[in-house]
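Comments concern the structure below.
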Amino acid sequence: MQRYFINQSADENQCFFIENKDDIHHINKVMRQTKDDSIIVTFLDEKVYKCKIISINQQAIEIKPQEQQDINTELPQHITICSGLIKADKYEWMIKKATELGANEFIAVSMERSVVKLNESKVAKKLERWQKIIKEASEQSYRLNIPRVQFKSNLKEIYDMINHYDYVLIAYEKHAKHGELSRFKKILKQLKAQDRVLMIFGPEGGLSENEIALFEEASTLVGLGPRILRAETAPLYALSAVSYEKELLG
């Protein structure tokens, strides 16, 4: 059954309106649903309900919560993926798959070795497109929330945010080349529920020495296995490792 998000807290005693134009089109024209059909809706407070369609028009779809669903699809930890700008198709693929794997937030950063440059005049349009991709991936993967994406012009802006996190990890290819495996494994075992983790990944050209030095005393450099991963693959490897350690192994 198709799933949608509503930016309001759930209440079994009232009706709600889906007003997102894309959602209205999808329900009405793509799924061809009508009055009295049911959809699954995730509310702002992360409660999920099977809802009955009360009415449909071009401006809104009225729904009524009927049956709460017992669903928990979020990682135990809050993971922020901070990555250097990479080619558009690769970044879009990465945020889509990382959303499916449980990432909570994305920060795209213009780094020293980023081949791709994002003009300030195009930031808003890019963020809108990325957010739409994330929303669709959240619906597809039964997420309880929609991860947020933002853009920062350099890593210094990220450094100013690190006090918000319990762990700051930097994926460093030199550690992978030298076979360093223990740090990431050790931190994964240490992670507790609700810990906030910032994971930093470089662009295609990797992180510069200056960027590594900036975080030297406030982060942990980790290797992600013995192989050198592409910029769009490394975040997915890291998220999969977190899921395996904290969800599958318990």
Side-chain angles (χ1 to χ4, degrees), residues 1-12 14-81 83 88-108 124-151 232 235-236 238-240 242-243 246-247:
M1 191 176 294
Q2 187 64 34
R3 294 165 183 261
Y4 303 92
F5 286 89
I6 283 185
N7 195 30
Q8 298 180 62
S9 294
D11 184 345
E12 294 183 4
Q14 73 174 68
C15 291
F16 294 86
F17 292 91
I18 295 175
E19 298 177 317
N20 181 284
K21 292 182 179 179
D22 291 334
D23 290 344
I24 294 172
H25 174 79
H26 192 269
I27 293 169
N28 192 20
K29 302 298 184 182
V30 178
M31 302 302 295
R32 297 188 180 278
Q33 292 185 295
T34 60
K35 182 177 179 294
D36 295 332
D37 284 346
S38 296
I39 58 175
I40 300 295
V41 175
T42 302
F43 289 83
L44 185 62
D45 52 7
E46 298 190 356
K47 293 181 179 179
V48 182
Y49 277 84
K50 180 179 180 181
C51 296
K52 179 181 178 180
I53 295 176
I54 305 300
S55 64
I56 297 178
N57 59 54
Q58 297 300 316
Q59 286 71 46
I61 294 176
E62 185 179 7
I63 60 171
K64 177 73 167 63
Q66 291 189 308
E67 180 183 344
Q68 187 169 2
Q69 310 290 295
D70 184 17
I71 295 174
N72 181 14
T73 55
E74 297 302 307
L75 281 176
Q77 289 72 37
H78 185 285
I79 308 294
T80 297
I81 300 297
S83 55
D89 58 334
K90 294 179 179 179
Y91 187 75
E92 291 176 1
W93 180 82
M94 186 275 287
I95 60 175
K96 178 180 180 180
K97 298 305 176 184
T99 297
E100 295 175 18
L101 288 168
N104 297 93
E105 187 175 5
F106 298 96
I107 308 175
K125 187 174 181 180
K126 277 290 186 183
L127 289 174
E128 182 180 357
R129 175 173 173 78
W130 293 340
Q131 198 65 64
K132 182 177 180 181
I133 291 170
I134 291 168
K135 175 180 178 293
E136 292 173 352
S138 297
E139 292 169 344
Q140 181 273 321
S141 56
Y142 295 6
R143 292 290 302 273
L144 297 182
N145 59 64
I146 303 173
R148 184 170 68 108
V149 61
Q150 56 181 312
F151 169 76
E232 68 272 23
L236 307 184
L239 285 165
S240 298
V242 173
S243 176
K246 311 313 291 188
E247 293 183 309

Within a strict 4.5 Å, meaning less than it, do heavy atoms of the F151 and K126 side chains meet?
no

Could you please spell out the steps behind the side-chain contact (heavy atoms from CB on, under 4.5 Å) verdict for H26 and M31?
CA-CA 6 Å; H26 192 269; M31 302 302 295; 3.4 Å; yes

Within the structure provided, determine whether I81 and L239 are in side-chain contact (heavy-atom separation under 4.5 Å).
yes

Given the options N145, T73, N72, E46 meets side chain to side chain donor-acceptor pair (under 3.5 Å) only with N145

When you measure from the side chain of Q66 to the backbone N and O of K64, does any donor-acceptor pair fall under 3.5 Å?
no

Taken to the nearest 0.5 Å, the spacing of Y49 OH from I63 CD1 works out to 12.0 Å

Which of I40, I61, I27 passes side-chain contact (heavy atoms from CB on, under 4.5 Å) with Y4? Answer is I27

Can you check whether A10's main-chain N or O pairs, donor with acceptor, with D45's side chain at less than 3.5 Å?
yes

Can you name the nearest heavy-atom pair linking K35 to I56, along with the distance?
N-CD1, 4.3 Å

Indicate yes or no: does K132 engage E128 in a salt bridge with an N to O separation below 4.0 Å.
no

Does S38 offer a backbone N or O that forms a donor-acceptor pair with the side chain of Q33 under 3.5 Å?
yes

Would E232 and K97 pass as an ion pair if we require N to O under 4.0 Å?
no

Quick one: closest heavy-atom pair of D11 and P65, and the distance?
O-CG, 3.7 Å

Run the numbers on V48 and R3 for side-chain contact (heavy atoms from CB on, under 4.5 Å), then give the verdict.
CA-CA 9 Å; V48 182; R3 294 165 183 261; 4.1 Å; yes

Side chain proximity check, I39 to I53, heavy atoms < 4.5 angstrom
yes

Return yes if some donor-acceptor pair links the side-chain N/O of N104 with the main-chain N/O of T80 below 3.5 Å, else return no.
no

Ionic contact status for E105 with R148, cut-off 4.0 Å
yes

Return the CE to NZ distance between M1 and K50, rounded to the nearest 0.5 Å.
4.5 Å

To the nearest 0.5 Å, atom OG1 of T42 lies from atom CD1 of I71 at 6.5 Å

Evaluate the side-chain contact (heavy atoms from CB on, under 4.5 Å) criterion for residues K135 and D23: first the C-alpha distance (whole Å), next the side-chain angles of each, then the deciding distance (0.1 Å), finally the verdict.
CA-CA 11 Å; K135 175 180 178 293; D23 290 344; 2.8 Å; yes

Would you mind reporting whether W93 and L236 have side-chain heavy atoms less than 4.5 Å apart?
yes

Are L75 and S243 packed together at the side-chain level, in the sense that at least one heavy-atom pair is separated by less than 4.5 angstrom?
yes

To the nearest 0.5 Å, what is the distance between CG (N7) and CG (L44)?
5.0 Å

Within 6.0 angstrom of K96 NZ, more than 12 heavy atoms from elsewhere:
no

Between F106 and M94, is the side-chain contact (heavy atoms from CB on, under 4.5 Å) condition met? List the steps.
CA-CA 10 Å; F106 298 96; M94 186 275 287; 4.3 Å; yes

Please answer whether the main-chain N or O of Q131 pairs with a side-chain N or O of E136 as donor and acceptor at a distance below 3.5 Å.
no

Once you round to the nearest 0.5 Å, how far does CD of E62 lie from CG of N57?
9.5 Å

Roughly how far, to the nearest 0.5 Å, is the CG atom of D36 from the OG atom of S55?
10.5 Å

Using modelled atom types and a 3.5 Å cut-off, is there a donor and acceptor pairing between side-chain atoms of E74 and backbone atoms of L144?
yes

Return the minimal non-hydrogen interatomic distance between F17 and I6, and the atom names on each side.
O-CD1, 4.4 Å

